[in-house]
Amino acid sequence: LPLPSVDNGPVIYHTPVDRECALVDINITATVTDDFGVSHVYLFYTTVGDSSFNRTQMLLVSGDALNGTYTATIPGQVWKGIVSYYIWADDTAGNITIHGIHDIVIYLPSYTVHGHVYQANGELVEGGYVLVTDNTTGDSLIYILDPTGYYEVDLSDMDGGYVNGDDLSVYGTDGSYYNTVYGTVDVMAGNSLTLDLHLIYIPEFSSMLVLAGVFLIVAFLHRRRRHN
């Protein structure tokens, strides 16, 4: 809907919401005052992936038409992105006021994939890389192992995010040994997934596969550097 002009309308007091987690309803509250008396208060909002505005009436929860508090709810979003909104109010004299437009960043809850990387002899790898890939979206995150052979990545940092049931793979290498393990995002089991790697060495294939893995990691870093 087009935004109407503003002409000495009601006064809207509102602290914008700037950030909320996906799937969580967003409560919008405003205090609206007017010497003539407030007639209507509406909340206009978009959803993630759709720039058209929806309208819902804000309900008077305290006070009166001269000085009242109004509230409405934006339904929780299923994906990360941006939700925009503004508050529209008119009074009994036909004057109109708009507060906004405001943007809300919708983020995914944290879901970590983590574990340790072990050498073929069972000892922890002191150096190396892991490449965690969401095979459903094709997005990847790289992690340089810490001195204890531990890695941890947060799938919510991926550009494409994640959803329950996504298939994952974790490729690890120390330059001579390598391996890949697989898992599945299962938010019903918690907000993290443990995937340990035990690196293996296959003489007839190791040089080619390790070099291919290192090439993929270098290409990934180069792509992210250009993107940034």
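FYI, the numbering just counts along the sequence from 1. Just so you know, these numbers come straight off a predicted model, no measurement behind them. Excluded from the calculations below are hydrogen atoms, water molecules and symmetry mates; all remaining heavy atoms, backbone and side chain alike, are included.
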- Note, V163 side chain near V185 side chain (heavy atom, < 4.5 Å): no

- Task: Mark yes when over 12 heavy atoms from residues, nucleotides or ligands other than Q57 sit less than 6.0 Å from its CD; otherwise mark no.
- Result: yes

- Message: For D146, give me all partners under side-chain contact (heavy atoms from CB on, under 4.5 Å), at least two apart in sequence or on another chain.
- Response: T148, Y150

- Message: With a 4.5 Å cut-off on side-chain heavy-atom distances among I, L, V, M, F, W and Y, is there a chain of contacts connecting V181 to V117?
- Response: yes

- Message: With rounding to the nearest 0.5 angstrom, report the CG to CG distance, L155 to N191.
- Response: 11.0 Å

- Task: Verify, without hydrogens or angle tests, whether T173 (side chain) and G175 (backbone) share a donor-acceptor contact under 3.5 angstrom.
- Result: yes

- Query: With sequence neighbours left out, what residues match T112 under side-chain contact (heavy atoms from CB on, under 4.5 Å)?
  - Reply: S110, H114, E152, D154, S192

- Hey, is the main chain of G160 close enough, under 3.5 Å, to the side chain of D139 for a donor-acceptor pair? yes

- How many angstroms lie between atom CD of Q119 and atom CD1 of I200, to the nearest 0.5 angstrom? 14.0 Å

- Message: With a 4.5 Å cut-off on side-chain heavy-atom distances among I, L, V, M, F, W and Y, is there a chain of contacts connecting I74 to F53?
- Response: no

- Query: Excluding sequence neighbours, so at least two apart, what forms side chain to side chain donor-acceptor pair (under 3.5 Å) with D103?
  - Reply: S84

Sequence neighbours left out, cut at 3.5 Å: what donor-acceptor pairs do the side chains of residues 29-39 make with other protein atoms?
unit_1: D34; atom_1: OD2; unit_2: F36; atom_2: N; d: 2.7
unit_1: D34; atom_1: OD2; unit_2: G37; atom_2: N; d: 3.0

- Query: With clusters built from Ile, Leu, Val, Met, Phe, Trp and Tyr whose side-chain heavy atoms come within less than 4.5 Å, directly or transitively, what are the remaining members of the cluster of V105, listed by chain and number?
  - Reply: I82

- Establish whether L168 and M158 are linked, either directly or via other cluster members, by ILVMFWY side-chain heavy-atom contacts under 4.5 Å. yes

- Item | Distance (rounded to the nearest 0.5 Å) between R55 CZ and W88 CH2 | 8.0 Å

- Any residue meeting side chain to side chain donor-acceptor pair (under 3.5 Å) with N179, in chain and number order, not counting sequence neighbours: none

- Message: Under the side-chain hydrogen bond (donor to acceptor under 3.5 Å, both in side chains) definition, can you give me all pairs with a residue in residues 9-28, not counting sequence neighbours?
- Response: H14-Y85, N27-T73

- Query: Between T71 (side chain) and I28 (backbone), is there a donor-acceptor pair under 3.5 Å?
  - Reply: yes

- Item | Residues that H40 engages under side chain to side chain donor-acceptor pair (under 3.5 Å), provided they are two or more places apart | D90

- Identify whether M58 and V17 are in the same connected component of the hydrophobic contact network (ILVMFWY, side-chain heavy atoms under 4.5 Å). yes

- Item | Sidechain-backbone polar pair: D134 side chain, G138 backbone, donor-acceptor under 3.5 Å | no

- Query: By side-chain contact (heavy atoms from CB on, under 4.5 Å), which residues pair with V78, not counting sequence neighbours?
  - Reply: L23

- Considering only heavy atoms from C-beta outward, does the side chain of V170 approach that of V113 to under 4.5 Å? yes

- Among residues two or more places apart or on two chains, list those pairs meeting side-chain hydrogen bond (donor to acceptor under 3.5 Å, both in side chains) that have a residue in residues 41-51. D50-S52

- The ring pair (Phe, Tyr, Trp, His ring centres under 6.0 Å) partners of Y70 (sequence neighbours excluded) come to none

- Looking at OG of S169 and OH of Y182, how far apart are the two atoms once the value is rounded to the nearest 0.5 Å? 6.0 Å

- To the nearest 0.5 Å, tell me how far I12 CD1 sits from Y86 OH. 11.0 Å

- Item | Pair Y129 + Y171: ring centers closer than 6.0 Å | no

- When hydrophobic residues are tied together by side-chain contacts of less than 4.5 Å, even through go-betweens, does V83 share a cluster with L108? no

- Could you list who else is in Y118's hydrophobic cluster, with ILVMFWY side chains joined at under 4.5 Å, directly or through other members? L124

- Task: Taking the side chain as every heavy atom from C-beta outward, state whether N164 and D186 have any atom pair closer than 4.5 Å.
- Result: yes

- So how far is it from I26 CD1 to I106 CD1, rounded to the nearest 0.5 Å? 4.0 Å

